[in-house]
Student: 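One structure follows; several queries about it will come next.
Everything numeric in this text was worked out from a predicted model, so none of it was measured. Hydrogens, waters and symmetry mates play no part in the numbers below; they use all other heavy atoms, side chains included.
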Amino acid sequence: SYWANTRAFGLDPYYYHLINIFIHILAGALVWLWARKVITSVIADRWTAEVLSAFTALIFLFHPLQTESVAYIAGRSESFSGLLFLVAFIIFLYRRGDAIGWIETVLVLIFFGMAARTKEHTAVLPILMLLTDYYFNPGFKLEGIKKNWRVYVPIVAGGAYGVFVALRIVRGADSAGFSIKEFTWYQYLFTQFRAICTYIQMFLLPVGQNIDHDQAISFTLFDHGAIFAGAFLLAAVVAAWIWRKKYPLASYGILVFLILLAPTSSVIPIRDTLIERRMYLPLIGLCFVVAQFLPMIRLSRAALIAVISVASVASGYATYVRNSVWSSSISLWKDSVDKGPNKSRPRFQLAFALYSAGNCAEASLQYAKAAQLEKPDYRLYMDWALAADCAGHFDDALEKLKLAAAFENNAHVHSTMAMVLAKQGKPELALLELDVAEQRDHGFPVTPVYRGNIYLQMRDFDKAIESYNRALRLDSKNQAVRQSLANAMQQKARAAAVRK
């Protein structure tokens, strides 16, 4: 989808956002179909069922928890995988009879495979299908599951391969899997008890949203109230099972919510313990819980429409406000820093956003604060050096580059040192640093560019032209180097004309 976006509209972010919104609208239409199928089978009054189905779709579309999945261009992995997941599920749900046919089975498997290839968390679709068959086909019996053997048998057969692929991915990943050193699988589970309760709180009262939540790890059940969060969730599951026939929609919704969250919020450790975009699909389950109990208030039709309208408009307004934070990278990361001042990563990202906007002095200050919150690494020192250089603090930039070299003594560090030294009016020292950079990596494409710039500054046009030509041999598509080469040749020609 990104490739198609780029081919059709280039790199203009407006069109990426536009396609994200279009995907979300399509997903909302499928959520309405899902809700309509389920709610009309539970609520006898057709009018009320239709209104609650529309309400479920509206909350899915407008809830501010969906902002990250839609406003964030990379959030398309959530919304697009969710759309494919919903297509597969709706085909299953709207099959022509109680038992799914072969054509429908093939379509379900195709879209399920596409969803799983887009993002692995959609692998829980078979569990959702089993749950739905048990609850509604025909109702708390295993008959529907037996009838739909056509779809379950190939899914089970392919499930072993899917588990193998998933385990291979998490085994080699540095941000997820059992190789994470910061916490164990059970400590992640304790932390997720609290994270899931936070998701529920933000669904009911969407305050405290943050692109990078600062959530402490619960290393034991007694840390940060994890035992109480776990007890609440256990009680919710037990209640959902005990009263599944009395409150089928709420029971189903609770289990749907937890099933759809399970891939990211259970026992497989993920370094980011609380991420709002993980709620893209699970939010539907909570909508079903609301749809169960809303009619119990016994409102008139006009009052029910009024309540639903107010709730939908309030969600839309909250989403509008939240989207204003996403209007720029500076406002987004400043919001995160304000809500989590003791976390290093948001400050690092805010510093980079400020540097990109040309506010280099403030960027340097934020890098300094990030370094106080967490032990600096190579990347922080390098970016901090670039911000200091941009702010004209050349000595500070060189100091940070030396600290970066203690982590990775590579060509990038030494070529950047050369750039800073050249700005200080020390071309000879700069050329020595470039010699070191070439020793570290003879093919590093930036080194001859900086060398050409320094020779051009020294008015040694022949060596500048030679350096730029070498840079083009390493990177023939670099238009900036081509312009620098043309400039060096023009200056050489003008100097020759003056001499004549």
Side-chain angles (χ1 to χ4, degrees), residues 34-35 38-39 41-43 52 55-56 59-60 63 65 121 124 127-136 139-142 183-209 213 215-270 273-276 278-298 311:
W34 179 1
V38 169
I39 294 174
S41 68
V42 171
I43 296 179
L52 292 174
F55 176 61
T56 299
I59 294 300
F60 173 82
H63 200 285
L65 271 178
H121 73 286
V124 294
I127 302 174
L128 175 63
M129 291 160 59
L130 287 166
L131 180 74
T132 306
D133 258 348
Y134 173 71
Y135 266 71
F136 305 108
F140 306 109
K141 294 181 180 179
L142 299 179
F183 41 80
T184 64
W185 66 268
Y186 59 86
Q187 291 167 342
Y188 182 75
L189 178 64
F190 299 158
T191 307
Q192 286 310 294
F193 291 158
R194 295 164 40 230
I196 293 170
C197 290
T198 301
Y199 292 140
I200 296 172
Q201 171 260 300
M202 287 194 291
F203 171 77
L204 297 172
L205 187 64
V207 296
Q209 287 189 257
H213 287 268
Q215 186 186 45
I217 301 297
S218 293
F219 293 101
T220 72
L221 260 176
F222 301 100
D223 288 347
H224 312 289
I227 190 170
F228 299 110
F232 168 76
L233 294 174
L234 179 61
V237 172
V238 171
W241 181 253
I242 292 174
W243 288 306
R244 65 189 183 279
K245 295 182 180 179
K246 186 176 181 180
Y247 304 112
L249 198 55
S251 171
Y252 177 71
I254 290 170
L255 297 178
V256 165
F257 169 67
L258 294 175
I259 287 168
L260 294 179
L261 262 180
T264 57
S265 301
S266 54
V267 296
I268 299 177
I270 304 174
T273 59
L274 198 161
I275 298 292
E276 291 170 19
R278 292 175 186 164
M279 275 291 286
Y280 187 74
L281 286 175
L283 184 141
I284 302 167
L286 297 180
C287 290
F288 286 142
V289 178
V290 174
Q292 174 79 76
F293 295 112
L294 192 57
M296 294 184 182
I297 305 174
R298 298 189 181 281

Student: With distance as the sole criterion, is a donor-acceptor pair present between the side chains of Ser41 and Tyr135 under 3.5 Å?
Tutor: no

Student: Are Phe203 and Cys287 close enough, and set up right, to give a side-chain contact (heavy atoms from CB on, under 4.5 Å), and what steps lead you there?
Tutor: CA-CA 9 Å; Phe203 171 77; Cys287 290; 4.0 Å; yes

Student: Over 60° means perpendicular and under 30° means parallel, so tell me whether Phe190 and Phe193 are parallel, tilted or perpendicular.
Tutor: tilted

Student: Could you give the distance from CG (Leu283) to CZ (Phe257), rounded to the nearest 0.5 Å?
Tutor: 8.5 Å

Student: How long is the straight-line distance from CH2 of Trp185 back to CD1 of Ile268, given to the nearest 0.5 Å?
Tutor: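 Interatomic distance, Ile268 CD1 to Trp185 CH2, rounded to 0.5 Å: 12.0 Å.
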
Student: Just verifying a value: how many Å separate Ile227 CD1 and Phe232 CZ, rounded to the nearest 0.5 Å?
Tutor: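 If I round to the nearest 0.5 Å, the distance is 15.5 Å.
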
Student: Identify the two heavy atoms, one from Leu52 and one from Pro295, that lie closest to each other, and give their separation to 0.1 Å.
Tutor: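 Shortest heavy-atom separation between Leu52 and Pro295 comes out as CD1-CG, 3.4 Å.
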
Student: Okay, side chain of Ser251, backbone of Tyr247: is any donor-acceptor separation there less than 3.5 Å?
Tutor: no

Student: Given side chains that start at C-beta, do those of Leu274 and Met202 come closer than 4.5 Å, heavy atoms only?
Tutor: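 Result yes, sub-4.5 Å side-chain heavy-atom pair found.
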
Student: Distance check, rounded to the nearest 0.5 Å: Arg194 atom CZ versus Thr273 atom OG1?
Tutor: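 Answer rounded to 0.5 Å: 7.5 Å.
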
Student: Taking all heavy atoms of Ser218 and all of Thr191, pick out the closest pair and write down the distance.
Tutor: N-OG1, 3.0 Å

Student: Quick check for you: to the nearest 0.5 Å, what is the distance between Tyr186 atom OH and Thr220 atom OG1?
Tutor: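 Rounded to the nearest 0.5 Å, the OH-OG1 separation comes to 10.0 Å.
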
Student: Under 3.5 Å, is there a donor-acceptor pair between the side chain of Gln192 and the main chain of Ile196?
Tutor: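 No; zero donor-acceptor contacts below 3.5 Å.
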
Student: Do you know the tightest heavy-atom contact between Leu261 and Met279?
Tutor: CD1-SD, 4.4 Å

Student: Do Leu65 and Tyr199 have side chains that approach each other closer than 4.5 Å (heavy atoms only, starting at C-beta)?
Tutor: no

Student: Considering all heavy atoms of both residues, which atom of Ala291 and which atom of Ile39 are nearest to each other, and what is their separation?
Tutor: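 The answer is CB-CD1, 4.1 Å.
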
Student: Within the side chain of Ser266, is there an N or O that forms a donor-acceptor pair under 3.5 Å with the backbone of Pro263?
Tutor: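 No: the side chain of Ser266 does not pair with the backbone of Pro263.
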
Student: Check the side chains of Ser265 and Arg278 for a donor-acceptor pair under 3.5 angstrom, ignoring hydrogens and angles.
Tutor: no

Student: Parallel, tilted or perpendicular: which fits the ring planes of Tyr252 and Phe288, with parallel below 30° and perpendicular above 60°?
Tutor: tilted

Student: Which pair of heavy atoms, one from Gln292 and one from Leu249, lies closest together, and at what distance?
Tutor: OE1-N, 2.8 Å

Student: Atom CD1 of Ile217 and atom OG1 of Thr184: how far apart are they, to the nearest 0.5 Å?
Tutor: 9.5 Å

